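This report concerns only the one structure given below.
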Amino acid sequence: MERRSDRKRKSRHFLRFDIYRKVPKDLTQPTYTGAIISICCCLFITFLFLSELTGFIANEIVNELYVDDPDKNSGGKIEVTLNVSLPNLACEVVGLDIQDEMGRHEVGHIDNSMKIPINNAHGCRFEGFFSINKVPGNFHVSTHSAMAQPANPDMRHIIHKLSFGNTLQVENIHGAFNALGGADKLASQALESHDYVLKIVPTVYEDMNGEQQFSYQYTVANKAYVAYSHTGRVVPAIWFRYDLSPITVKYTERRQPIYRFITTVCAIIGGTFTVAGILDSFIFTASEAWKKIQLGKMQ
């Protein structure tokens, strides 16, 4: 008997640690207001939980900026893709010239380039794939390499594509990788030169497996003007003057940590039930007070 009493005494002492004490059902009072609040509370929790679950399953992209050259294995080169149409300039006089501050001066670059006649051979679509050094410089489409200069070279054009580096195979990154794509200068003056000043920004994308892709974005400003040679002739061209930014943009793909998801779900459930309990208590207290007031008036 003494052992049983000791066990009961110990169990009573242990039960004192229960902070979630239960209230007998016969001491509680259900209300219609409480039922409505409970249903709304459950629907609200379900909605927020599904929203958080969707965000947890989906990958997120975070970006950061730092000063460095990310692609050190490129050999100091950047690959360039250029696609431009000149509807009023024949292909035999169209050429690409490349210059930079390392002393490179190439007139009439022809490697990996193609000229396609358009507009009944009166125009030309120039497609080129070439490399530039990672120093300030320019490349321009002109008639400088032609054996015989045309009398009135017409540099009105449409730029279909101008990109640097590899194309990122990522759908959810919308950067300025082809900022000049779709640029239409057909309404400009025929003999005007066009100057595009580019600021090239190195870009890195790192996926969930830690694999990196390298590319380049760029900003652009442009102006149009009439340029004359030392002989007084008008010598229009389409200039792309570039410089590299020391800032690198890095996009990193990652998934929300599981502990953050659990913390958010607990906060949703606990916060919703707490607010709903306060609201229900307030409504119940107010309704009971109103009933007492009504009874007092009747008496």
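In this chain, numbering begins with 1 at the start of the sequence shown. Please read these numbers as outputs of a predicted model, since none were measured by experiment.
Residue Ile61 is grouped with residue Val249 when hydrophobic side chains (ILVMFWY) are merged at heavy-atom distances under 4.5 angstrom, including chains of intermediate members. Cluster annotation: Val201 is connected to Phe177 through the hydrophobic network of ILVMFWY side chains, with a link wherever side-chain heavy atoms come within less than 4.5 Å. Linking ILVMFWY residues whenever their side-chain heavy atoms come closer than 4.5 Å, directly or via other members, leaves Ile238 and Val235 in distinct clusters. Follow the hydrophobic side-chain contacts under 4.5 Å out from Ile45 and you never reach Ile37; the two are in separate clusters. In the hydrophobic clustering of this structure, Phe214 does not group with Tyr251; members are Ile, Leu, Val, Met, Phe, Trp, Tyr whose side-chain heavy atoms approach within less than 4.5 Å, directly or through other members.
No side-chain heavy atom of Asp69 sits under 4.5 Å from any side-chain heavy atom of Leu244. Using a 4.5 Å cut-off on side-chain heavy atoms (C-beta onward), Val197 and Thr219 make no contact. Residues Phe261 and Ile258 form a side-chain contact, since some pair of their non-hydrogen atoms from C-beta on lies under 4.5 Å apart. Taking the side chain as every heavy atom from C-beta outward, Arg233 and Gln149 approach each other to under 4.5 Å. Taking 4.5 Å as the limit, every side-chain heavy atom of Val93 sits out of range of all side-chain heavy atoms of Pro153. Counting heavy atoms from C-beta outward, Arg254 and Glu60 have side chains that approach closer than 4.5 Å. In this structure, the side chains of His160 and Glu127 stay at 4.5 Å or more apart for every pair of heavy atoms. Contact of the Tyr66 side chain with the Val204 side chain is registered, since non-hydrogen atoms from C-beta on lie closer than 4.5 Å.
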Scan the side chains in residues 272-282 for donor-acceptor partners under 3.5 Å anywhere in the protein, sequence neighbours excluded, and list what turns up.
unit_1	atom_1	unit_2	atom_2	d
Thr272	OG1	Ile268	O	2.6
Thr274	OG1	Gly270	O	2.7

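Using a 3.5 Å distance cut-off with no hydrogens or angles, the side chains of Asn133 and Lys77 do pair a donor with an acceptor. Counting only N and O atoms by type, the side chains of Glu206 and Thr252 include no donor and acceptor under 3.5 Å apart.
Its side chain within the 4.5 Å cluster rule, Leu191 clusters with Val226, Tyr228, Val234 among the Ile, Leu, Val, Met, Phe, Trp and Tyr residues. Through chains of ILVMFWY side-chain contacts below 4.5 Å, Trp239 is grouped with Tyr225.
Under the side chain to side chain donor-acceptor pair (under 3.5 Å) test applied with Tyr205, the options Gln212, Gln213, Glu253 reduce to a single match, Glu253. Put simply, the residue from Tyr216, Phe129, Tyr218 that forms a ring-ring contact (aromatic ring centres under 6.0 Å, His included) with Phe164 is Tyr218.
Put simply, CG on Asn138 and CZ on Arg104 are 11.0 Å apart, with the number rounded to the nearest 0.5 Å. Within the model, atoms OG of Ser163 and CG of Leu180 stand 11.0 Å from one another, a figure rounded to the nearest 0.5 Å. Atoms CD1 and CG, from Ile159 and Leu86 in turn, are 9.5 Å apart once rounded to the nearest 0.5 Å. Here the straight-line distance linking atom CG of Leu96 with atom CZ of Phe126 works out to 4.5 Å at 0.5 Å rounding. Note that CD1 of Ile269 is 10.0 Å distant from CG of Leu48, once rounded to the nearest 0.5 Å. Atom CG of Asn152 sits about 11.0 Å away from atom CG of Leu89, to the nearest 0.5 Å.
Side chain of Lys115 to backbone of Val94: a donor-acceptor contact under 3.5 angstrom is found. Side-chain atoms of His105 do not come within 3.5 Å of backbone N or O of Val107 as any donor-acceptor pair. With hydrogens and angles disregarded, no donor-acceptor distance shorter than 3.5 Å links the side chain of Ser85 to the backbone of Arg125. For Asp154 (side chain) and Arg156 (main-chain N/O), a donor-acceptor pair under 3.5 Å exists by modelled atom type. A donor-acceptor pair under 3.5 Å is absent between the side-chain atoms of Asn209 and the main chain of Glu211, judged by distance alone. Judged by distance alone, the side chain of Thr81 and the main-chain N or O of Glu79 form no donor-acceptor pair under 3.5 Å.
Between Ala90 and Cys124, the shortest heavy-atom distance links the atoms C-CB, 4.1 Å. What you find for Lys134 and Asp71 is that their closest heavy atoms are NZ-O, 3.3 Å. Taking every heavy atom of both residues into account, Gln217 and Gly175 meet most closely at OE1-CA, 3.2 Å. Across all non-hydrogen atoms, the minimal contact from Ser193 to Ala227 is OG-CB, 3.9 Å. Between Ala237 and Ser142, the shortest heavy-atom distance links the atoms CB-CB, 3.8 Å. Taking every heavy atom of both residues into account, Ser145 and Gly108 meet most closely at CB-CA, 3.6 Å.
Considering only residues two or more places apart in sequence or on other chains, Ile110 meets the side-chain contact (heavy atoms from CB on, under 4.5 Å) condition with Ser113. Under the side-chain contact (heavy atoms from CB on, under 4.5 Å) criterion, Ile57 pairs with Leu53, not counting sequence neighbours. Residues forming a salt bridge (charged side-chain N to carboxylate O under 4.0 Å, His left out) with Asp195 (at least two apart in sequence, or on another chain): Arg241.
Within a 6.0 Å radius of CZ in Phe47, other residues, nucleotides and ligands contribute 12 heavy atoms or fewer. When the shell of 6.0 Å around CG of Asn222 is examined, it contains more than 12 heavy atoms from other residues, nucleotides or ligands.
Tyr196 and His157 have perpendicular rings, their planes meeting at more than 60° on a 0 to 90° scale where under 30° would count as parallel.
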Working for side chain to side chain contact (heavy atoms under 4.5 Å, CB included), residues Leu162 and Leu198: CA-CA 11 Å; Leu162 175 61; Leu198 314 177; 3.9 Å; yes
Side chain to side chain contact (heavy atoms under 4.5 Å, CB included) evaluation trace for Met155 with Thr143: CA-CA 10 Å; Met155 285 295 168; Thr143 61; 4.0 Å; yes
Verdict with supporting geometry, Ile200 and Asp243, side chain to side chain contact (heavy atoms under 4.5 Å, CB included): CA-CA 6 Å; Ile200 302 174; Asp243 192 6; over 6 Å; no
Check against side chain to side chain contact (heavy atoms under 4.5 Å, CB included), Val84 and Phe240: CA-CA 12 Å; Val84 58; Phe240 301 93; 5.9 Å; no
